[in-house]
Colleague: 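Here's a structure for you.
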2 protein chains.
Amino acid sequence: MLGEKGNSKSSEMQKKMGDFVAKCRQNGLKITPQRMAVYRALLESKEHPSAEMIFRTVKEVFPSVSLDTVNRTLLTLDEIGVAFIVEGSGDSKRYDANLGDHQHFKCVKCKRIVDFHHKPFDNIKVPKSIGENFIVLRKTVYIEGICDLCAKKQN
Amino acid sequence: MLGEKGNSKSSEMQKKMGDFVAKCRQNGLKITPQRMAVYRALLESKEHPSAEMIFRTVKEVFPSVSLDTVNRTLLTLDEIGVAFIVEGSGDSKRYDANLGDHQHFKCVKCKRIVDFHHKPFDNIKVPKSIGENFIVLRKTVYIEGICDLCAKKQN
DNA sequence: TACTATATAGTAGTCTATCCTATTTGTTCG
DNA sequence: CGAACAAATAGGATAGACTACTATATAGTA
Ligand SMILES: [Mn+2]
Ligand SMILES: [Mn+2]
Ligand SMILES: [Zn+2]
Ligand SMILES: [Zn+2]
C-alpha cells in the first residue's frame, strides 16, 4: 500500500519531469541539471516558495548553484507556462507549479499562502472592456487576511 | 461650468480630507502636515502610485519630507482602512485610496494598473473553508496580462 | 504655556532581484 | 564520436525597495 502510493507519486513526478523536458525542447531551452533541480524543487514544495527557499533546497543537491540561476530559471518557468508567480500585496515573489484550477488565500502577517478550490471561481468571464483591449494572461480570485495561526498569536 | 466642476471636485476633496482627519482621531493618530500631504497626493493620483512616486509629489510642497515617512504613512493608511495595497505579482507596492467597488488589470510589462468595474465581481462570496478559518480583510478579482500600449510595442 | 507621547528627518542597514563577465556545458552537425 | 557554437551558469557587483535606528521636533492636552 505505502509502496504503491510512493510509486504512483514518483511516477507522476516522472511524468511531469518528462513533460517539462518536452516543454523546454519546444521552447529551444537546454536541459540543464540546474534547471531540472529548480523545477523539481518547486513541484515538490507545497508552500509556494520564494527564490531563496528554492535556492536552499537546490543547494543541498547542487552546492555550487547560484541564486541568480534560481531566479532566472523561475522566471523562465513562468514564461514558458509551467509555473507562475502567485499574486500578493507587494511582498517578495512566490512561485507555484500547480497549474490545476485553484485559488489562494494569503496571510498578511506571516505571508503564508493557502490553496483552496471553489469551483465558481474557475472560468472567470473577463468583461469586454478588458478582454477587447488587453491580452489576458492570468485571472483569479484573490483573498487576503489573517490566518488561523496568526489570529491565535494576537490573543 | 468649468468653475463649478472645479468647485465640486475641490469640495469633494475637502470632504475626504475631513473624513480622514476624523479617522485619524478615531485611531489616536496625530494630524501632521506630512500625513495630510501623503494622503492628499494618493487621493489625487489615478495611477496607483508607489511610495517613491508619492515621495516625489510630496517633496514638491514639503522638500524635507523623508521617504521613510512616506512609507510609514502609506502603511498606516492601509492599517486604518482609508487605502490599500493593490494586488500584483511580486513587484513593488502600489497604493490606492479609491475604496469604491472596482477591480484591477495589471500589465506585466510596464506595471501599469488599470481600474475597471464589473458588477458581478463585487461581493464575492468567500467559501466556508476560508471564511470559517481565516479573517478575510480583502477579496477581489485580479486580472493580469499585457496592456494595449505594450502589445503595440511588440509589433 | 509646559509636558509627553507620537511622529519625523536623515542615515545606515537589510533583503530581494538584476546585471556583468569569464567560464562551462548542452546540443548540433559533420 | 568530436569539434564548434550558442546558451547557461557561478560568482561577484550593483541596484532598488523597503526597514531599523536615533536624535530632534511637534501635535495633542492639561
Ligand atoms: Mn497554489
Ligand atoms: Mn484602483
Ligand atoms: Zn499567518
Ligand atoms: Zn503595459
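Residue numbering restarts at 1 for every chain, and letters A, B, ... go by the order of the sequence lines.
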Colleague: Can you tell me the distance, in whole Å, between the CE atom of Met53(A) and the P atom of dC15(C)?
Modeller: 14 Å
Colleague: For dA5(C), does the base pair up with any side-chain atom of Lys30(B) as donor and acceptor (N or O, under 3.5 Å, distance only)?
Modeller: yes
Colleague: Does dC18(D) have OP1 or OP2 under 4.0 Å away from a side-chain N or O of Lys93(B)?
Modeller: yes
Colleague: Output yes when at least one side-chain N/O atom of Ser64(A) is less than 4.0 Å from OP1 or OP2 of dG11(D), else no.
Modeller: no
Colleague: Can you measure Asp78(A) atom CG to dT18(C) atom P for me and round it to whole angstrom units?
Modeller: 11 Å
Colleague: Using whole Å, report how far CG of Asn71(A) lies from C1' of dA8(D).
Modeller: 15 Å
Colleague: Which part of the nucleic acid, if any, lies within reach of Pro33(A) when heavy atoms closer than 4.0 Å are counted: base, sugar-phosphate only, or nothing?
Modeller: sugar-phosphate
Colleague: Step through the shown structure and confirm whether more than 12 heavy atoms of other residues, nucleotides or ligands are within 6.0 Å of CZ on Arg40(B).
Modeller: no
Colleague: Considering every strand and a 4.0 Å limit on heavy-atom distances, what is the contact class for Leu75(A): base, sugar-phosphate, or nothing?
Modeller: sugar-phosphate
Colleague: At under 4.0 Å, does any side-chain N or O of Thr32(B) touch on OP1 or OP2 of dT8(C)?
Modeller: yes
Colleague: Main chain of Val86(A), side chain of Asp96(A): is a donor-acceptor contact present, judged purely on distance under 3.5 Å?
Modeller: no
Colleague: dA8(D) C1' sits how many Å from Leu74(A) CG, rounded?
Modeller: 15 Å
Colleague: Figure out the CG/P separation between Asp91(B) and dA17(C), and round it to whole Å.
Modeller: 10 Å
Colleague: Map Ile31(B) and Ser92(B) onto DNA chain D by nearest heavy atom, then report which one ends up closer to the 5' terminus.
Modeller: Ser92(B)
Colleague: Nearest nucleotide by nearest heavy atom, which residue falls closer to the 5' end of DNA chain D, Leu29(A) or Arg25(B)?
Modeller: Leu29(A)
Colleague: Using atom NZ of Lys59(A) as one end and atom P of dA10(D) as the other, report the distance to the nearest whole Å.
Modeller: 10 Å
Colleague: Check the pair Val126(A) / His118(B) against side chain to side chain contact (heavy atoms under 4.5 Å, CB included), numbers first and verdict last.
Modeller: CA-CA 9 Å; Val126(A) 177; His118(B) 187 54; over 6 Å; no
Colleague: Find the distance Ile54(A):CD1 to dT9(D):P and express it as a whole number of Å.
Modeller: 15 Å
Colleague: Rounded to the nearest Å, what distance is computed from the CG atom of residue Leu67(B) to the C1' atom of nucleotide dG13(C)?
Modeller: 14 Å
Colleague: Does a side-chain N or O of Ser66(B) approach OP1 or OP2 of dT8(C) to a distance below 4.0 Å, or not?
Modeller: no
Colleague: Is there a side-chain polar atom (N or O) of Gln34(A) under 4.0 Å from OP1 or OP2 of dA10(D)?
Modeller: yes
Colleague: For the side chain of Asp68(A) and the base of dC19(C), is some donor closer than 3.5 Å to an acceptor across the two?
Modeller: yes
Colleague: For atom NZ of Lys16(A), is the number of surrounding heavy atoms from other residues, nucleotides or ligands below 6.0 Å larger than 12?
Modeller: no
Colleague: Determine the contact category for Arg72(B): base if any of its heavy atoms lies under 4.0 Å from a base atom, sugar-phosphate if only primed atoms, P, OP1 or OP2 are that close, otherwise nothing.
Modeller: base
Colleague: Report the nucleotide, chosen from dA8(D), dA10(D), dA9(C), that has the shortest atom-to-atom distance to any side-chain atom of Phe62(A).
Modeller: dA10(D)
Colleague: Decide salt bridge (charged side-chain N to carboxylate O under 4.0 Å, His left out) for Lys23(A) and Asp19(A); before the verdict, give the C-alpha distance in whole Å, the side-chain angles of both, and the deciding distance to 0.1 Å.
Modeller: CA-CA 6 Å; Lys23(A) 196 87 179 184; Asp19(A) 291 349; over 6 Å; no
